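Heads up: the structure comes next, in structure tokens.
All figures in this text were calculated on a predicted structure; none of them were measured in a lab. In what follows, every heavy atom counts, from backbone to side chain, and hydrogens, waters and symmetry copies are set aside. Within every chain, numbering begins at 1; the chains are lettered A, B, ... in the order of the sequence lines, protein sequences first and strands thereafter.
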There are 2 protein chains.
Amino acid sequence: MRVDELDAKIVRLFTEEQRMSVLEASRILKVARATVQARLDRMIANGVIAQWVPQPEPRAFGFPVVAFCFLTINQDLGHDAVSKALAAIPEVIEVHTVSGDSDLMARVAARSNSDLQRVLDIIMATKAVVRSSSVIALNTHFEGRTLPLLEAAARP
Amino acid sequence: MRVDELDAKIVRLFTEEQRMSVLEASRILKVARATVQARLDRMIANGVIAQWVPQPEPRAFGFPVVAFCFLTINQDLGHDAVSKALAAIPEVIEVHTVSGDSDLMARVAARSNSDLQRVLDIIMATKAVVRSSSVIALNTHFEGRTLPLLEAAARP
DNA sequence: CCTTTATTGCGCATACTGCTCAGAGCAGGG
DNA sequence: CCCTGCTCTGAGCAGTATGCGCAATAAAGG
């Protein structure tokens with residue numbers, strides 16, 4: 001879907017002031033309320049706004065450690081079956097099939113470095129994963145920063 | 001912060017029905033409206049709910065390619081200066097300092113595989129990065145799946 | 001047992017939402 | 001040049017939610 005600058009401004013407004021009402025936004029942007037409504041509806045319908053939900057932050061409730069694990073899977077099972085098995089583990093936040101030496105990459109949260117070991121053991125215990133190699137995130141500079149990209153896509 | 005099962009149920013409700021009102025949620029959970037309000041306020045204040053904003057999805061507006069780039073940086077600059085330079089590039093969605101062979105890991109979005117090359121060139125052109133090695137996400141099975149972890153943390 | 005904190009139920013004024021509708025502006029096709 | 005389709009606009013109205021305050025009750029902790 002194509003987005004324009006008004007779309008980007010709307011998303012930015014609702015991102016910066018999450019208590020913004022549609023009416024208030026329309027006043028600030030000097031457009032009709034129905035326009036803001038329509039733009040939001042369209043972006044949600046097209047998936048440009050993928051979700052608009054309270055995002056729990058594991059760091060804030062006892063899981064300060066983040067690691068990226070590169071997994072070599074049991075080829076008998078296939079990627080989908082393995083990702084399904086991984087989805088049963090709450091500490092696994094994200095799973096991609098990737099190019100390169102490994103088959104899958106998983107983002108994993110843990111209570112501590114030693115707790116990460118526990119989670120990795122759970123992953124290995126599924127028998128879906130043959131080998132894993134992890135990289136720990138020592139410091140997260142930023143993440144989920146998609147707004148600048150939306151604005152870049154909106155520019156003419 | 002400690003979360004209990006009511007907290008998790010509240011987050012789940014607002015995640016599954018994003019048009020849920022606080023009043024409606026209180027009716028469904030059979031608690032007072034003020035309680036739901038108080039729990040939400042507390043979780044937002046403590047960062048358990050990190051953000052509650054419209055999340056743009058790059059895949060939906062022309063950036064279907066996702067890659068994870070492992071960067072070796074120019075040691076003269078330091079991690080923070082480099083991450084700041086990377087933050088100026090809208091295609092860079094996420095940056096972590098990581099353990100292992102590389103210094104930083106960046107999540108990058110692009111319009112296509114060849115467009116990814118363009119983005120990597122921009123990254124290298126900052127002179128902040130000495131070497132990069134990328135892994136392309138061929139298939140995203142799931143991501144941002146933090147709710148199960150919150151529920152696990154809420155269980156007694 | 002007492003103090004503190006959380007929850008509850010209630011009311012009220014204000015504000016927002018969802019919905020509808022007719023008219024205006026604009027671009028593209030015939 | 002005129003039609004057609006699309007979006008934006010401004011307006012209204014009923015229904016609903018919100019923010020706020022308050023006093024009573026329940027639960028938790030020392």
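- The aromatic rings of Trp52(A) and Phe14(A) sit perpendicular, their planes meeting at an angle over 60°, well past the 30° parallel limit.
- In this structure, Val130(A) and Met124(A) have side chains that are not in contact, with every pair of non-hydrogen atoms separated by 4.5 Å or more.
- In this structure, Asn46(B) contributes its side chain and Met43(B) its backbone to no donor-acceptor pair below 3.5 Å.
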Report all interatomic pairs (protein N or O, nucleotide N or O of nucleotides 24-30 of chain D) with separations under 3.5 Å.
none

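- Judged by distance alone, with hydrogens and angles left aside, the side-chain atoms of Arg59(B) form no donor-acceptor pair with the main-chain N or O of Val65(B) at under 3.5 Å.
- Every residue two or more places apart in sequence or in another chain that forms a side-chain hydrogen bond (donor to acceptor under 3.5 Å, both in side chains) with Asp121(B) is listed here: Gln117(B).
- Using a 4.5 Å cut-off on side-chain heavy atoms (C-beta onward), Val3(A) and Leu150(A) make contact.
- Remark: Arg33(A) engages no residue in a side-chain hydrogen bond (donor to acceptor under 3.5 Å, both in side chains) (not counting sequence neighbours).
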Exercise. Mark up nucleotides 5-13 of chain D, 5' to 3', with B wherever a protein heavy atom is under 4.0 angstrom from a base atom, S wherever such an atom reaches only the sugar-phosphate, and - elsewhere.
Key: ---SB--B-
Quiz item: Going through the distances and angles, do Arg12(B) and Glu151(B) end up as a salt bridge (charged side-chain N to carboxylate O under 4.0 Å, His left out)?
Solution: CA-CA 9 Å; Arg12(B) 172 167 284 280; Glu151(B) 289 174 333; 2.4 Å; yes
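- For Gln37(B) and dG19(D), the shortest distance from a side-chain N or O to OP1 or OP2 is below 4.0 Å.
- In this structure, the CD atom of Gln18(A) is 16 Å from the C1' atom of dT18(D), given to the nearest Å.
- Within the helix from dC1(C)-dG30(D) to dG30(C)-dC1(D), the inter-axis angle between the opening and closing five-pair segments is 50°, rounded to 10°.
- Partners of Asp80(B) under the side-chain hydrogen bond (donor to acceptor under 3.5 Å, both in side chains) rule, at least two apart in sequence or in another chain, do not exist in this structure.
- The distance from atom CE of Met20(B) to atom C1' of dG18(C) is 17 Å, rounded to the nearest whole Å.
- Whole-Å rounding puts the Leu23(B) CG to dT16(D) P distance at 10 Å.
- Listed for the Asp103(B) side chain is a donor-acceptor partner under 3.5 Å among the backbone atoms of Ile73(B).
- Taking the centre and axis of the six-membered ring of Phe63(B), the NZ or CZ atom of Arg111(B) falls inside the cone set by 45° and 6.0 Å.
- Between the P atom of dG18(C) and the CZ atom of Arg19(B) lies a distance of 5 Å, rounded to the nearest Å.
- Between Lys9(B) atom NZ and dT7(C) atom C1' there is a gap of 16 Å when expressed in whole angstrom units.
- Computed from coordinates, the Asp41(A) CG to dT20(C) P distance equals 13 Å when rounded to whole Å.
- Atoms CG (Leu40(A)) and P (dT17(C)) sit 10 Å apart, rounded to a whole Å.
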